[in-house]
Amino acid sequence: MTDALVEPVEGSGVHPHPGLLAVACAGLCIGVLAMWLPSRRFATSPDIVGWLVGVVLLACGVFMVGAVRRTAGAWLIAAALAWHLSDLARLLPADQREVGQRSSLVHVALLGGAVVALGPRPTSRWSTRAGGWAGAALAVVAVSGWTGGWHLALPFAGVAVVVMVGVTLGDRFAFLGTAGAAWAAAGAVFGVELFGSALVRRFFDHSDVEPWLLDVHQLAVAAVSVLLAVSVARAGRADVVDLRLDKLAGLDDVVARALGVRSVSTALAAVDEGWLDTAGRTTDRPAGPCVLIEDEFTGRVALLGAVGLVVDDVPDAVRRVLRLARDHVRLRATIVNQVAELEASRRRILTAQDHARREVHEALRSGPLSTLEGIEHDVARFDTLEGVRHAVNRARSVLDQLADDLDPVADRSLDVALSDVVESSPAHADLRVDPLPDLAPEVARTVWFTVSEALANAVKHAPGAGVSITVAGTLHETGDVGVVVTVHDDGPGGANPSGSGLLGLRDRIDALGGTLRIANDPAGGTRLEVRM
């Protein structure tokens, strides 16, 4: 059963190919010769009905080969060619004619081979045996014309095919919908016709029933070939999976039809150890027995919850669909998480901006404005300008410090700005600034804020600890220059990456395309590394 219907085909329809056209033309030529030459030689009317049946067989076989059901299609094409053997045998010499006419049963075996080849992948020991029995019975039919015993081989083959269809439908309760029904009907028509013809021949005179049985056989052959072609066409349509966001919810139904089971609960592998549903939400493993689908290169793919399903039942085409769905859902979940993180980052930035405005307002109120109010009162008391000059200098100092905090590298170099922040900090800090390339202003400001925030955290969470600060330039493999900031303290560790200060710093670094890494070690302190 190599062309199992449970394996979705990629695309649908017949793809024109020079080889197919050549086979079709050759088959038509043989059919025309088999119809016309005997009628000319024996002065009889050409068998138009027989020729049309051969055309139907050939057309359905060519269609199935073009629809990527090559094995079953090849059986049908061979059956179309063998269909005309008995007619062509009439042209042989009289002593050879009987041998040729005994080949008339070959097309029966080939047509049955197409039915077996198009059947579903066996899912149990009994379905495997039923397929083997049917294949063996058809092989006996093919040779029975020469060896004898065809009157027993034909009904036995018919029963074997019907049993195979029954066992298959027993294993696959919801076997692929319309496509499965068409295949089952083809097998039933084929088996019943073989068994029924043998039964009629057993109880009625051959001369009376043979013309009628020939018409029934021709009709059955045409019906079986058409039903097989319909099953292929319907399978090609049913196996197209729409992976649009609003359609992926139907994945369970598609997989269930492809596997021929009542229902399937699908959980797709997340990037971590968890599972996702078809909407990209975190979910638990399906209830009941589950089959794990894995990929050789990418690992876990999906969990399929279905009764009686084993890994060998899942064809490669279904695995490909599940892998595509997993990657699709992962991408969707990643986008959703990034959007949520972006929104959270925007809220934190707005909060930080409001907080900075409040700090500037409070600094102005408590600093320069308060100093200027003092100057106003001092002017009335001072007899000289020395006191006024002293108060103005004090106000200027406060304003200078405020300006430096707002833009620490506006009018001085980065190393000077870093030295100032280290000297003004109560932490025991050691600063080393290597020669740096020309940094963009926003990068230099971020370096300053990184050192300032790290020192503030060290003072707060590790008072008295030693702090080592290194700022070095780096050259990326693309030729771009950057900077690496490393701040390490020998305190107890425990820096909280979710704290407001580090979150704001991470947002600033992310906006510049940089990375922030924080390592906490109770024995070795906290290490903060920024790359931009």
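Bear in mind the structure is a predicted one, so any value in this text is a computation, not a measurement. Computation of the quantities below employed the complete heavy-atom set of this structure, encompassing side-chain atoms and omitting hydrogens, waters and symmetry-equivalent molecules.
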If you take all heavy atoms of [X] and [Y], which pair is closest and at what distance?
X: G187; Y: V165; value: CA-CG2, 3.9 Å
X: L322; Y: I293; value: CD1-CG1, 4.3 Å
X: G61; Y: L76; value: CA-CB, 3.6 Å

Between [X] and [Y], is there a donor-acceptor pair closer than 3.5 Å when you use the side chain of the first and the backbone of the second?
X: D252; Y: T266; result: yes
X: D295; Y: G299; result: no
X: S197; Y: L194; result: no
X: R330; Y: A270; result: yes

**Asked** Hey, does the Lys NZ or Arg CZ of R300 hover above the aromatic six-ring of W275, less than 6.0 Å from the centre and inside 45° of the axis?
**Response**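 That pair qualifies as a cation-pi contact.
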**Asked** Which is it for I518 and R527 under the side-chain contact (heavy atoms from CB on, under 4.5 Å) test, yes or no, and what are the steps along the way?
**Response** CA-CA 6 Å; I518 301 174; R527 177 184 175 86; over 6 Å; no
A side-chain contact here means heavy atoms from C-beta on lying under 4.5 Å apart; do [X] and [Y] qualify?
X: V530; Y: V484; answer: no
X: R201; Y: H151; answer: no
X: I509; Y: T515; answer: no

**Message:** Ignoring hydrogens and geometry beyond distance, is a side-chain donor-acceptor pair present between E442 and T446 at under 3.5 Å?
**Reply:**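 Their side chains do not contain a donor-acceptor pair, so the 3.5 Å distance test is not met.
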**Request:** Calculate, to the nearest 0.5 Å, the distance between atoms CE and OG1 belonging to M64 and T71 respectively.
**Result:**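 Rounded to the nearest 0.5 Å, the CE-OG1 separation comes to 9.5 Å.
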